[in-house]
**Q** 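My structure is below; once you've seen it, I'll send some questions.
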Amino acid sequence: MKIVISPAKSLDFETELPTSTYSQPAFLEESVKLNTILQKKKPKVLSKLMGISEKLATLNWERNQQFSVPFTNSNARPAVYAFNGDVYQGLDAYSISENNLDQLQDTLRILSGLYGVLKPLDLMQPYRLEMGTKMKIGRKKNLYEFWKKQITKHLNEELENDEVFVNLASNEYFGAVDEKQLKVPVITPIFKDWKNGKLKVISFFAKKARGSMARYILDTNAQNLKDLQGFNVDDYGYSEEHTVKTNQPVFIR
């Protein structure tokens with residue numbers, strides 16, 4: 001089984017790492033190209049481009065200037081321990097035993113605006129570049145045009161012909177995958193909460209649930225749709241009644 005998740009805006013480069021194991025990103029050459037473009041953009045331009053405060057823009061301008069290769073364990077950090085958002089709270093990678101890191105490395109993929117696709121232990125340096133950022137790269141009008149073919153080809157090379165592919169990424173990031181060109185079907189779980197008598201996707205809870213499901217898949221060695229339907233973390237449960245499409249199972253609480 002392969003799982004894709006989104007990155008996070010919030011980063012953690014301080015917490016002590018539970019392992020010294022790391023790997024190198026597949027698309028580091030492309031990342032260097034993108035960062036070269038970002039390095040030329042002043043904080044005010046970054047602020048407008050990314051819709052962020054001047055303080056955040058200055059921080060990320062500094063990150064862009066400090067970006068350097070090669071990546072080592074002294075200037076970069078494994079991605080799964082670097083991202084620190086809601087999805088990663090649900091995943092709780094720090095509590096995954098070192099004995100299970102090979103399974104984590106084989107199963108999970110992180111989509112990224114700067115790095116394309118990251119394995120959990122791929123080194124990365126701090127950055128901010130959301131996939132939806134409207135930035136031109138040569139003749140490519142945005143990051144979707146820049147990444148889509150490369151990411152899709154890379155995923156297809158990794159996927160076995162009968163492997164289950166679970167999309168736990170946001171729409172913004174999964175938009176960088178050409179789903180029609182993938183050689184296996186995609187399962188996209190949906191997480192909904194009751195609010196004011198109606199079922200709704202509440203972003204904060206859904207993000208954490210995606211991370212929790214990724215962890216559930218790893219912990220239970222889930223292999224198929226039926227296994228996924230057994231997900232019951234944080235009071236979520238599979239609802240056949242609310243599932244309209246088989247490949248979009250709905251979990252409610």
**Q** Is it true that Arg215 and Ser95 share a donor-acceptor pair across their side chains at a distance under 3.5 Å?
**A**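 Distance-only check passes for Ser95 and Arg215.
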**Q** Flag yes if Val233 and Ile190 sit in one hydrophobic cluster, no otherwise; membership is Ile, Leu, Val, Met, Phe, Trp, Tyr, and two members link when side-chain heavy atoms are under 4.5 Å apart.
**A**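 In one cluster: no.
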**Q** Should Asn60 and Leu129 count as side-chain neighbours, where that means a heavy-atom distance under 4.5 Å?
**A**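 When only atoms from C-beta onward are counted, Leu129 and Asn60 do not touch, as no gap falls below 4.5 Å.
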**Q** Compare every heavy atom of Ala169 with every heavy atom of Arg210, then report the nearest pair and how far apart it is.
**A**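 Residues Arg210 and Ala169, closest heavy atoms: NE-O, 4.1 Å.
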**Q** Quick check for you: to the nearest 0.5 Å, what is the distance between Ile217 atom CD1 and Leu104 atom CG?
**A**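 Between Ile217 CD1 and Leu104 CG, I get 12.0 Å after rounding to 0.5 Å.
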**Q** Applying a strict under-4.5 Å side-chain criterion to I, L, V, M, F, W and Y, I'd like to know whether Val250 and Leu225 cluster together.
**A**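 Per the 4.5 Å side-chain linkage, Val250 and Leu225 are not co-clustered.
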**Q** Which heavy atom of Glu172 sits nearest to which heavy atom of Met131, and what is that distance?
**A**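 Heavy-atom minimum between the residues: OE2-N, 3.2 Å.
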**Q** Write down the atom of Ile137, the atom of Lys33, and the distance for their closest heavy-atom approach.
**A**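 Shortest heavy-atom contact: CG2-CE, 4.0 Å.
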**Q** Can you tell me how far the CH2 atom of Trp61 sits from the CG atom of Leu38, to the nearest 0.5 Å?
**A**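 Atom-to-atom, Trp61:CH2 and Leu38:CG are 13.0 Å apart.
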**Q** Checking Gln248 side chain against Pro189 main chain: does a donor-acceptor pair fall under 3.5 Å?
**A**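 Absent.
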**Q** Identify whether Phe204 and Leu91 are in the same connected component of the hydrophobic contact network (ILVMFWY, side-chain heavy atoms under 4.5 Å).
**A**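 Yes, Phe204 connects to Leu91 through the hydrophobic network.
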**Q** Given side chains that start at C-beta, do those of Val177 and Phe174 come closer than 4.5 Å, heavy atoms only?
**A**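 Answer yes - side chains close enough.
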**Q** Just wondering, do Val164 and Asp227 contact through their side chains at under 4.5 Å, heavy atoms?
**A**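 No - every pair of side-chain heavy atoms lies 4.5 Å or more apart.
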**Q** Over all heavy atoms of both residues, which pair between Asn64 and Leu46 is shortest? Give the atoms and the distance, please.
**A**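 So the minimum-distance heavy-atom pair works out to ND2-CD1, 3.7 Å.
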**Q** Just wondering, do Tyr22 and Thr72 contact through their side chains at under 4.5 Å, heavy atoms?
**A**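 Side-chain contact under 4.5 Å: no.
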**Q** Nearest 0.5 Å, please: how far is CE in Met135 from NZ in Lys140?
**A**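 Between atom NZ of Lys140 and atom CE of Met135 there are 14.0 Å.
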**Q** Knowing that exactly one of Ile187, Leu228, Thr188 qualifies, which makes a side chain to side chain contact (heavy atoms under 4.5 Å, CB included) with Pro249?
**A**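 For Pro249, the side chain to side chain contact (heavy atoms under 4.5 Å, CB included) test succeeds with only one of Ile187, Leu228, Thr188, which is Ile187.
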**Q** Considering only heavy atoms from C-beta outward, does the side chain of Leu111 approach that of Ile5 to under 4.5 Å?
**A**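 The answer is no, as the side chains (C-beta and beyond) never meet within the 4.5 Å cut-off.
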**Q** Would you find a donor on one side and an acceptor on the other, under 3.5 Å apart, between the side chain of Gln125 and the backbone of Ser68?
**A**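 It does hold such a pair.
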**Q** Check the pair Asp234 / Phe191 against side-chain contact (heavy atoms from CB on, under 4.5 Å), numbers first and verdict last.
**A** CA-CA 11 Å; Asp234 293 335; Phe191 303 93; over 6 Å; no
**Q** Transitively linked via ILVMFWY side-chain contacts under 4.5 Å: Leu199 with Ile202?
**A**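 No, separate clusters.
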**Q** Is atom CG of Asn75 surrounded by more than 12 heavy atoms (other residues, nucleotides or ligands) closer than 6.0 Å?
**A**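 Yes - once you tally the heavy atoms of other residues, nucleotides and ligands closer than 6.0 Å, there are more than 12.
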**Q** Hydrophobic clusters here meaning ILVMFWY residues chained together by side-chain heavy-atom distances under 4.5 Å, can you tell me if Ile37 and Leu143 are in one?
**A**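 Yes: a chain of side-chain contacts under 4.5 Å links Ile37 to Leu143.
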**Q** If you look at every heavy atom in Phe13 and Ala76, which pair is closest and at what distance?
**A**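 Heavy atoms only, the tightest pair is CE2-C, 4.5 Å.
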**Q** Does any part of the side chain of Tyr127, heavy atoms only, come nearer than 4.5 Å to the side chain of Arg63, both counted from C-beta?
**A**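 Result no, sub-4.5 Å side-chain heavy-atom pair not found.
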**Q** Quick one: closest heavy-atom pair of Ala206 and Val201, and the distance?
**A**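 In this case the closest contact between Ala206 and Val201 is CB-CG1, 3.9 Å.
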**Q** Look at Glu157 together with Lys153 and state whether they make a salt bridge at an N to O cut-off of under 4.0 Å.
**A**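 A salt bridge links Glu157 with Lys153.
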**Q** Test side-chain contact (heavy atoms from CB on, under 4.5 Å) on Asn142 and Thr133 and set out the steps.
**A** CA-CA 7 Å; Asn142 55 39; Thr133 304; over 6 Å; no
**Q** When rounded to the nearest 0.5 angstrom, what distance separates CZ in Phe165 from NZ in Lys183?
**A**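 One finds 12.0 Å between CZ of Phe165 and NZ of Lys183.
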**Q** Output yes when a side-chain donor or acceptor of Ser47 lies under 3.5 Å from a complementary backbone atom of Pro43, and no otherwise.
**A**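 No, because the side chain of Ser47 does not come within donor-acceptor range (under 3.5 Å) of the backbone of Pro43.
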**Q** Would you sort out whether Glu130 and Met50 count as a side-chain contact (heavy atoms from CB on, under 4.5 Å), showing the intermediate values?
**A** CA-CA 8 Å; Glu130 294 175 57; Met50 299 183 177; 5.7 Å; no
**Q** Is the Phe231-Tyr238 ring centre distance short of 6.0 angstrom?
**A**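 No, the ring of Phe231 stays outside the 6.0 Å limit from the ring of Tyr238, centre to centre.
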**Q** If I take atom CZ from residue Phe251 and atom OG from residue Ser212, how far apart are they, to the nearest 0.5 angstrom?
**A**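 Atom-to-atom, Phe251:CZ and Ser212:OG are 12.0 Å apart.
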**Q** If the threshold is 4.0 Å, N to carboxylate O, is there a salt bridge linking Arg253 and Asp193?
**A**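 Salt bridge between Arg253 and Asp193, a charged N being under 4.0 Å from a carboxylate O: yes.
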**Q** How long is the straight-line distance from OG of Ser74 back to CG of Leu123, given to the nearest 0.5 Å?
**A**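 If we round to the nearest 0.5 Å, Leu123:CG and Ser74:OG are 9.5 Å apart.
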**Q** Applying side-chain contact (heavy atoms from CB on, under 4.5 Å), run through Asp178 and Lys149 and close with a yes or a no.
**A** CA-CA 7 Å; Asp178 190 344; Lys149 284 185 179 180; over 6 Å; no
**Q** For Val87, run the side chain to side chain contact (heavy atoms under 4.5 Å, CB included) check against Met213, Lys208, Lys207 and tell me which one passes.
**A**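 Looking at Met213, Lys208, Lys207, the match for Val87 under the side chain to side chain contact (heavy atoms under 4.5 Å, CB included) is Lys207.
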**Q** Report yes if the side chains of Val186 and Asn247 come closer than 4.5 Å at any heavy-atom pair, otherwise no.
**A**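 A side-chain contact under 4.5 Å is absent here.
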**Q** Are Leu108 and Lys2 side-chain neighbours, meaning at least one heavy-atom pair lies under 4.5 Å?
**A**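 With C-beta onward as the side chain, the pair stays apart.
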